[in-house]
Asks: 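The structure's right below; bear with me while I get my questions together.
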Amino acid sequence: MKADKDIKIVIIGMGFLMEYIMPGYRSLLGENLATHVVATTVDEKDIERKRRELPFRVELGGNDKVLREVEPDIILFAPQPFFAGAIAEEELKPYYQELREAGKPLPDLYCFPPNPAGKFYLDTIGSDIHVCNIIPNMVSKIGGEDVSQEAYTMITIPDEAPWPKENYDRLNRMFLPLGYVVDVGPKYVISVLAGQVCAHNLHEVIFTMVDGLKAGGHEVDYRQLASAMRYYFTHKFTLKNPGKRPCDRDGVDDKLYDVLKMVTYHWYRGIIGFLSSIGMEEDAAAEAILPIVNQHIQSHQVETREALDEATANHATKGGVLEMGCKTFAAEVETKLFDAFKNYDSMSFDDTFAQFIEDSAYEITHRVSDHGYKLGSAKPEYLSEHHAVLFGLLCRAAEEQCGTEGLDAISAGVAQYGRERGGRMAQRCKADGRELCMRNYLCYGEWRPKPGAQLSEVCQKSPIYSTHATKCGWNDAWKKHGLSKYGPYYCNSVDKNLVWGFNPTIDLKIYSFLSEGADYCHFEWTGFEMTPEEEVIFKKTQEEVGDKYVKNFEYHTAHLYFTLMRVLEEKLGEEKAEAIGKKALHDYEQIFKKDYMTFLDLKDTDWTVAS
């Protein structure tokens with residue numbers, strides 16, 4: 001085996017996690033870091049920063065090319081979980097096969113998505129590879145102090161393919177800067193990860209308690225609460241390394257201390273309760289969860305709220321397990337917990353409350369565990385990004401094929417698409433016995449933005465209702481993928497025709513678009529004002545309609561594609577339309593892989609009928 005400093009590494013999926021664990025491969029390679037590592041990323045928006053700040057080469061895509069050029073000893077495999085299986089099948093499998101046929105050594109495969117599990121890679125790539133799943137210790141410093149050895153990096157090696165000692169020892173050496181290594185068997189790894197996520201959700205627990213107390217008139221310092229919680233926790237349980245940071249219950253009176261003890265204990269017991277329910281020995285579960293709880297409470301002793309929020313946002317990969325934990329907390333726990341602490345003076349923090357805390361932690365761990373097992377095999381979620389990118393690619397292909405005539409046909413297709421969507425909205429509105437007015441148009445939309453993807457504010461309610469959209473998921477997607485020039489062809493047609501399809505007698509004026517370089521999209525809802533009386537009806541209608549008519553973006557992407565293709569054929573002829581569609585789909589698949597081609601299965605849908 002090569003000396004550590006001489007190994008070569010390829011990183012597939014150079015994102016936040018791979019930047020975070022750099023101390024590991026830096027410790028192996030030393031001065032050879034710059035020459036012995038090459039990374040790939042699909043994040044076009046951030047690639048210039050990565051190339052500027054990282055000490056090694058970063059390529060935009062091109063995994064297969066980089067692998068063959070570098071011939072790495074280790075592959076750090078960190079794509080988004082939904083894409084991991086497809087990349088393994090389409091890119092890693094043929095590469096490993098070439099190495100076998102040439103009689104060359106096979107690189108160790110370090111997989112960072114928790115799922116697919118190692119056995120998937122053995123079945124897909126070959127049973128002769130050395131593969132493991134890795135969940136790094138994600139807290140190496142708290143308040144500027146090194147706490148890496150207070151917790152662990154979790155690895156899982158498939159039972160079917162144990163590693164040679166020298167490869168296993170090298171893996172341990174790589175992650176030594178991030179804490180000790182714990183090998184958790186395949187049977188429990190996803191559920192232990194779920195328990196770690198639930199421990200991380202103590203971030204939400206602590207700040208919800210603080211916000212509730214403040215709303216009830218109590219001035220509290222979350223750092224004092226965290227110190228008291230950790231003081232109790234480290235005295236209640238035996239930890240391998242509780243750390244040197246002092247903790248106490250100063251500034252917390254007896255009643256509040258008793259409540260904090262209850263929350264800390266029963267949150268922890270909820271996690272352990274779930275792990276025990278699936279057959280894990282309680283001692284093993286405690287060994288896995290105790291240091292993580294200590295870690296997260298400790299961070300709240302010293303870090304700012306802004307830094308803690310940012311850390312959670314960085315770790316919450318889109319579609320990943322931490323995001324699921326945060327969503328479940330927000331949906332099931334947050335309001336009840338906030339109300340309990342808002343009413344702190346009159347609240348009975350009794351056995352019922354303790355059971356609520358324990359049940360909440362149990363349920364979050366359960367749901368995150370279920371979600372974790374689905375990652376890598378579940379059908380991926382379509383977003384507005386897929387819709388926007390497909391539109392941009394159709395525009396580009398139409399322009400390449402037919403110039404201005406092609407883009408004019410695209411605009412006509414968007415108008416038709418908008419009118420069909422608006423028509424479906426009208427059908428549902430009338431079926432519910434409501435008039436086709438602007439107020440109801442605003443309530444019967446078919447899509448909802450993901451949190452943070454869309455920002456809109458009311459700038460005027462009367463005499464004309466007016467809004468500014470300052471952030472748009474479509475505009476962001478066009479920028480990210482170099483398709484910004486085509487955005488206006490969508491924006492100039494879609495909303496006006498949505499309104500027309502809903503009711504041709506009402507009007508919408510749009511004075512500016514983000515896609516054309518403005519600071520915001522300025523919408524003016526002609527003939528409509530949001531009077532106090534109107535607002536009461538509007539909110540009531542919103543509550544009654546809710547999300548029951550919202551369609552997912554697989555549906556919307558399919559509707560966009562098939563309607564545009566129909567209009568392109570009418571305007572340009574079958575041959576040109578077919579060439580445009582073929583080119584756009586090819587480019588789309590290169591970006592999003594086969595997982596996001598399932599929208600084509602909806603080709604027989606009648607887009608004019610509300611379903």
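These figures come from a predicted structure and were not determined experimentally.
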Asks: So which pairs with a foot in residues 10-21 pass salt bridge (Lys or Arg N to Asp or Glu O under 4.0 Å), sequence neighbours left out?
Replies: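 Of all non-adjacent pairs touching residues 10-21, those that pass salt bridge (Lys or Arg N to Asp or Glu O under 4.0 Å) are Glu19-Arg49.
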
Asks: May I ask you to decide whether Arg170 forms a salt bridge with Glu166, counting only side-chain N to carboxylate O separations under 4.0 Å?
Replies: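 No, Arg170 and Glu166 are not salt-bridged.
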
Asks: Looking at Lys261 and Asp254, is there a salt bridge between them, counting it only when a charged N and a carboxylate O are closer than 4.0 Å?
Replies: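 Lys261 and Asp254: not salt-bridged.
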
Asks: Can you confirm whether or not the ring centre of Phe599 sits under 6.0 Å from the ring centre of Phe592?
Replies: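 No - the distance between ring centres of Phe599 and Phe592 does not fall below the 6.0 Å cut-off.
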
Asks: Do Lys240 and Tyr152 meet the cation-pi criteria used here (NZ or CZ under 6.0 Å from the six-membered ring centre, within 45° of the axis)?
Replies: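 Because its charged atom misses either the 6.0 Å distance or the 45° angle limit, Lys240 does not stack over Tyr152.
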
Asks: Does the ring centre of His300 sit less than 6.0 Å away from the ring centre of His203?
Replies: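 They qualify: ring centres under 6.0 Å apart.
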
Asks: May I ask you to check if Arg249 and Tyr257 form a cation-pi contact, with NZ or CZ under 6.0 angstrom from the six-membered ring centre and within 45° of the axis?
Replies: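 Pair Arg249/Tyr257 counts as cation-pi.
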
Asks: What are the two closest non-hydrogen atoms of Ala228 and Leu260, and how far apart are they?
Replies: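 Heavy-atom minimum between the residues: CB-CD1, 4.1 Å.
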
Asks: So, Ser148 versus Tyr180: side-chain donor-acceptor pair below 3.5 Å or not?
Replies: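 Judged by distance alone, the side chains do not pair up.
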
Asks: Hey, is Lys480 close enough to Asp476 for a salt bridge, meaning N to O under 4.0 Å?
Replies: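 Looking at Lys480 and Asp476, the cut-off is not met.
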
Asks: Roughly how far, to the nearest 0.5 Å, is the CE atom of Met209 from the CG atom of Leu213?
Replies: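 Here the interatomic distance stands at 8.0 Å.
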
Asks: Testing Thr598, Asn552, Thr557 one by one against Tyr382 for a side-chain hydrogen bond (donor to acceptor under 3.5 Å, both in side chains), which residue passes?
Replies: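 Going through the options one by one, the only one that passes is Thr598.
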
Asks: Is the distance between the ring centroids of Phe356 and Trp267 under 6.0 Å?
Replies: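 Ring centroids of Trp267 and Phe356 are no less than 6.0 Å from each other.
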
Asks: Parallel, tilted or perpendicular, judged at 30° and 60°: which one describes the rings of Tyr444 and Tyr549?
Replies: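 Answer is parallel, since the angle falls under 30°.
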
Asks: Can you tell me if Tyr231 has over 12 outside heavy atoms packed within less than 6.0 Å of its OH?
Replies: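 Atom OH in Tyr231 is not crowded, with 12 or fewer foreign heavy atoms closer than 6.0 Å.
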
Asks: Which pair of non-hydrogen atoms, one from Asp159 and one from Pro186, has the smallest distance, and what is that distance?
Replies: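 Answer, listing the atom of Asp159 first, then Pro186: OD1-CD, 3.7 Å.
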
Asks: Return yes if a side-chain donor-acceptor contact under 3.5 Å exists between Tyr20 and Ser140, otherwise no.
Replies: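 Yes - a donor-acceptor pair under 3.5 Å links their side chains.
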
Asks: Ring of Phe338, cation from Lys342 - is the NZ or CZ under 6.0 Å from the centre and inside 45° of the axis?
Replies: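 No, a cation-pi geometry is absent between Lys342 and Phe338.
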
Asks: Is the distance between the ring centroids of Tyr268 and Phe233 under 6.0 Å?
Replies: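 Between Tyr268 and Phe233, the centre distance is under 6.0 Å.
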
Asks: For this output row, return yes or no: ring centroids of Tyr596 and Phe83 closer than 6.0 angstrom.
Replies: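 Yes, ring centres under 6.0 Å apart.
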
Asks: In this structure, are over 12 heavy atoms from other groups packed under 6.0 Å from Lys255 atom NZ?
Replies: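 Yes - once you tally the heavy atoms of other residues, nucleotides and ligands closer than 6.0 Å, there are more than 12.
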
Asks: Asn137 and Gln295: side-chain donor and acceptor closer than 3.5 Å?
Replies: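 Looking only at side-chain atoms, Gln295 and Asn137 do form a donor-acceptor pair, the distance falling under 3.5 Å.
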
Asks: For Gly143, does its backbone N or O pair with a side-chain atom of Glu303 as donor and acceptor, under 3.5 Å?
Replies: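 It does hold such a pair.
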
Asks: Decide, yes or no, whether a salt bridge links Arg173 with Asp4 under the criterion of side-chain N to carboxylate O below 4.0 Å.
Replies: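 Counted as a salt bridge, because a side-chain N and a carboxylate O are separated by less than 4.0 Å.
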
Asks: Hey, mind stepping through Asp359 and His266 against side-chain hydrogen bond (donor to acceptor under 3.5 Å, both in side chains) and telling me if it holds?
Replies: CA-CA 8 Å; Asp359 289 347; His266 287 283; over 6 Å; no

Asks: Quick one: do Asp339 and Lys336 make a salt bridge, cutoff under 4.0 Å?
Replies: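 Looking at Asp339 and Lys336, the cut-off is not met.
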
Asks: Taking atom types as modelled, find out whether Arg230 and Gln301 have a side-chain donor-acceptor pair closer than 3.5 angstrom.
Replies: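 Yes, a side-chain donor-acceptor pair sits under 3.5 Å.
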
Asks: Is it the case that Thr328 and Glu363 place a side-chain donor and acceptor less than 3.5 Å from each other?
Replies: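 No, no side-chain donor-acceptor contact under 3.5 Å.
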
Asks: Which pair of non-hydrogen atoms, one from Phe56 and one from Ala39, has the smallest distance, and what is that distance?
Replies: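 Closest approach of Phe56 to Ala39, heavy atoms only: CE1-CB, 3.9 Å.
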
Asks: If you measure only the distance, is there a donor-acceptor pair under 3.5 Å linking the side chains of His556 and Trp447?
Replies: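 The answer is no; no qualifying pair exists.
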
Asks: Is a donor on one side and an acceptor on the other found under 3.5 Å between the side chain of Thr41 and the backbone of Asp43?
Replies: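 A pair under 3.5 Å: yes.
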
Asks: Report yes or no: do Glu91 and Asn63 form a side-chain donor-acceptor pair below 3.5 Å?
Replies: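 Distance-only check passes for Glu91 and Asn63.
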
Asks: Inspect the surroundings of NZ in Lys551 and state if more than 12 heavy atoms from other residues, nucleotides or ligands are less than 6.0 Å away.
Replies: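 More than 12 within 6.0 Å, yes.
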
Asks: Decide, yes or no, whether a salt bridge links Lys244 with Glu145 under the criterion of side-chain N to carboxylate O below 4.0 Å.
Replies: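 Result for this pair is no, no salt bridge flagged.
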
Asks: Specify the closest pair of heavy atoms between Asn241 and Asn294, including all atoms of both residues, with the distance to one decimal.
Replies: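 Answer, listing the atom of Asn241 first, then Asn294: O-ND2, 4.3 Å.
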
Asks: Establish, yes or no, whether a centroid distance under 6.0 Å links the rings of Tyr222 and Phe207.
Replies: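 That pair passes the under 6.0 Å test.
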
Asks: If I compare all heavy atoms of Ile297 with all of Thr264, which pair ends up nearest, and what's the gap?
Replies: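 Here Ile297 and Thr264 meet closest at CD1-CG2, 4.1 Å.
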
Asks: Could you tell me whether the side chains of Asn201 and His296 share a donor-acceptor contact shorter than 3.5 Å?
Replies: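 There is no such pair between these side chains.
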
Asks: Could you walk me through whether Thr470 and Glu457 satisfy the side-chain hydrogen bond (donor to acceptor under 3.5 Å, both in side chains) test, starting with their C-alpha distance in whole Å, then the side-chain angles of each, then the deciding distance to 0.1 Å, before giving a yes or no?
Replies: CA-CA 8 Å; Thr470 56; Glu457 59 188 26; 5.3 Å; no

Asks: Do you know which two heavy atoms are closest between Gly270 and Ala361, and how far apart they sit?
Replies: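 Between these two residues, the closest heavy atoms are CA-CB, 3.9 Å.
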
Asks: Any salt bridge linking Glu543 with Lys539? Criterion: basic side-chain nitrogen under 4.0 Å from a carboxylate oxygen.
Replies: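 Answer for the salt bridge query: no.
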
